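Note sheet for the following structure.
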Number of protein chains: 2
Amino acid sequence: MASAKMGSMSRSEPLRSRNAEQKATDVLPPPEQHARQYAAVRSAHETELIEDYVELIGDLLEHSGEARATDVAARMGVSQATVARMVRRLNELGYVSNEPYRSLFLTEEGRRMAAWSRERHAIVLQFLRALGVDDATARIDAEGVEHHVSEKTLELMQRFANERDRGT
Amino acid sequence: MASAKMGSMSRSEPLRSRNAEQKATDVLPPPEQHARQYAAVRSAHETELIEDYVELIGDLLEHSGEARATDVAARMGVSQATVARMVRRLNELGYVSNEPYRSLFLTEEGRRMAAWSRERHAIVLQFLRALGVDDATARIDAEGVEHHVSEKTLELMQRFANERDRGT
DNA sequence: CGACAAACTTAGCGAGTGCTAAAAAATTTT
DNA sequence: AAAATTTTTTAGCACTCGCTAAGTTTGTCG
């Protein structure tokens, strides 16, 4: 069932290699490269939730002028207690500045993160729709995908969406 | 910074709406829809690790005939103790059948999951490469992305990869 | 202004995933 | 076969993220 044994091989041979490369999962990567892939996913997971909270707080601030813990809880679909603990953590990490019983705000650092998350999110969403995915599905998928695309991929997605939008 | 205010708007108007839709994140979804999006991500997270383990065990079985806990640990980049506990859990969930101190095997259900994960993984990987992402990056991104794409998106990705491959 | 409702915080539980260290079983070497 | 090595398991710790329940603080309304 296994066939070729070609590690990475950059784009050069035009014809046969294309088809051969298709079944790329036929060969397992060397163990420690494999491990690095999973490590990357785990590491992405750690920041994922944080980014989601920061992004959401930023969105709320921008759209309604303030970000109350209640709203965050409602939109994240979690309890207020969970939000409270998370906010404390975001504060410790230097992303959120807040006073007890008051609206949440983002620090400089938090705003940077929010802006970047927001941009990334928008690109992925645009891209998915350009690909032909319906709005509702695109929104859900974007939420999950955005944290796992590298900048390289993101740039290609953006290019694709732009080309597609102006009808190339 | 904010501009238009148009909720979802299905695909109909051809020109202006396209550009207007670009800033789709300008409007927040209604709270409970928003919550559902995050819930979807959380729920994906729960199965993610499980799928990764099952997929990996399936790959090892296929490529080397057996799946030792040591190999799984090495490839996941995790301690053997972690694998042992995870295997017990996979067993309880009915995906893995194993006898103490012996190689791991997949149940019928486990094989189904592995096959599906494998296929999905392959599609995403192909797709990313068709998009122009280099091999190493594509592998990493695929690992993270595969768990978050709906079937609809997956199908569109596959179509795209196929078209691109035969030069459309 | 007092009372009620809403928002926020704190305390404590449960599940999941990572780790190290140490014991037990299996395998390989001598 | 005994010893050494490897593999697997178990035990116990840390951390994160859900939750509920119970208290505080704030804000509003009669």
Side-chain angles (χ1 to χ4, degrees), chain A residues 31 35-57 60-61 64-93 95-105 143-144 147, chain B residues 31 34-57 60 64-93 95-105 143-144 147:
Chain A
R36 252 180 282 122
Q37 288 176 23
Y38 285 116
V41 175
R42 278 196 298 273
S43 139
H45 269 171
E46 281 178 24
T47 41
E48 215 167 302
L49 237 203
I50 291 173
E51 286 178 346
D52 280 340
Y53 272 93
V54 170
E55 186 183 352
L56 176 55
I57 291 171
L60 286 171
L61 282 173
S64 56
E66 64 172 8
R68 312 302 304 259
T70 309
D71 301 334
V72 174
R75 296 199 108 91
M76 288 289 302
V78 299
S79 73
Q80 292 194 347
T82 298
V83 170
R85 181 151 38 74
M86 199 60 186
V87 165
R88 195 169 58 225
R89 203 165 152 236
L90 293 176
N91 190 315
E92 286 164 4
L93 290 172
Y95 297 122
V96 162
S97 73
N98 68 315
E99 320 233 349
Y101 298 98
R102 289 280 169 270
S103 169
L104 311 171
F105 292 98
E143 201 78 68
H147 303 280
Chain B
H34 212 165
R36 252 180 283 121
Q37 287 176 26
Y38 286 115
V41 175
R42 277 195 298 271
S43 137
H45 268 170
E46 281 177 23
T47 41
E48 214 167 305
L49 238 204
I50 291 172
E51 286 178 347
D52 279 340
Y53 272 92
V54 169
E55 186 183 351
L56 176 55
I57 291 171
L60 286 171
S64 55
E66 64 173 7
R68 312 303 304 259
T70 308
D71 300 335
V72 174
R75 297 199 106 91
M76 287 290 301
V78 137
S79 76
Q80 293 192 345
T82 298
V83 170
R85 181 152 36 74
M86 198 60 186
V87 165
R88 193 168 58 226
R89 196 159 160 243
L90 294 175
N91 190 316
E92 285 163 7
L93 290 171
Y95 297 123
V96 161
S97 73
N98 67 316
E99 319 233 347
Y101 297 97
R102 288 281 168 271
S103 170
L104 311 170
F105 292 98
E143 199 79 65
H147 302 280

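First the proteins, then the strands, lettered A, B, ... as listed; each starts at 1. None of these values were measured; they are calculated from a predicted model.
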Output the distance between atom OG (S97(B)) and atom CZ (R102(B)), rounded to the nearest 0.5 Å.
13.5 Å
Length of the OH-C1' vector between Y38(A) and dT17(C), whole Å:
16 Å
Can you see if the side chain of R88(A) gets near the phosphate of dC8(C) - specifically, an N or O under 4.0 Å from OP1 or OP2?
no
Rounded to the Å, how far apart are L60(B) CG and dT7(D) P?
14 Å
The single option from V87(B), V78(B), L60(B), T82(B) passing side chain to side chain contact (heavy atoms under 4.5 Å, CB included) against V72(B)
L60(B)
Give me the atom names and distance for the closest heavy-atom approach of A44(B) to H147(B).
CB-O, 4.0 Å
Identify the heavy atoms of L61(A) and A67(A) that sit nearest to each other, and give their distance.
CD2-N, 3.8 Å
Listing time: all N or O pairs from protein to nucleotides 17-20 of chain D that are below 3.5 Å?
{"residue": "dC17(D)", "atom": "OP1", "partner": "R89(A)", "partner atom": "NH1", "Å": "3.3"}
{"residue": "dC17(D)", "atom": "OP2", "partner": "R89(A)", "partner atom": "NH1", "Å": "2.7"}
{"residue": "dG18(D)", "atom": "N7", "partner": "R85(A)", "partner atom": "NH2", "Å": "2.7"}
{"residue": "dG18(D)", "atom": "O6", "partner": "R85(A)", "partner atom": "NH2", "Å": "3.1"}
{"residue": "dC19(D)", "atom": "OP2", "partner": "S79(A)", "partner atom": "N", "Å": "2.8"}
{"residue": "dC19(D)", "atom": "OP2", "partner": "S79(A)", "partner atom": "OG", "Å": "3.1"}
{"residue": "dC19(D)", "atom": "OP2", "partner": "T82(A)", "partner atom": "OG1", "Å": "3.0"}
{"residue": "dC19(D)", "atom": "N4", "partner": "R85(A)", "partner atom": "NH2", "Å": "3.4"}

Once you round it to whole Å, what is the distance between C1' of dT9(D) and CG of N91(B)?
14 Å
Using a 4.5 Å cut-off on heavy atoms from C-beta on, say whether the side chain of E66(B) contacts that of D71(B).
no
Within the 4.0 Å heavy-atom criterion, would you say A84(A) contacts the bases, only the backbone, or no part of the nucleic acid?
base
I need the CD-P distance between E66(A) and dA6(C), as an integer number of Å.
17 Å
Straight-line distance of Y38(B) OH to E143(A) CD, nearest 0.5 Å:
4.0 Å
N98(B) CG to dT7(D) P: how many Å, rounded?
17 Å
Could you state the interatomic distance from CD (E48(A)) to CZ (R42(B)), rounded to the nearest 0.5 Å?
12.0 Å
Each nucleotide N or O in nucleotides 22-27 of chain C that has a protein N or O under 3.5 Å away: list the pair and distance.
{"residue": "dA25(C)", "atom": "O4'", "partner": "Y101(B)", "partner atom": "OH", "Å": "3.1"}
{"residue": "dT27(C)", "atom": "OP1", "partner": "R102(B)", "partner atom": "NH1", "Å": "3.4"}

Rounded distance (nearest 0.5 Å) linking atom NE2 of H45(B) with atom CG of L49(A)
7.5 Å
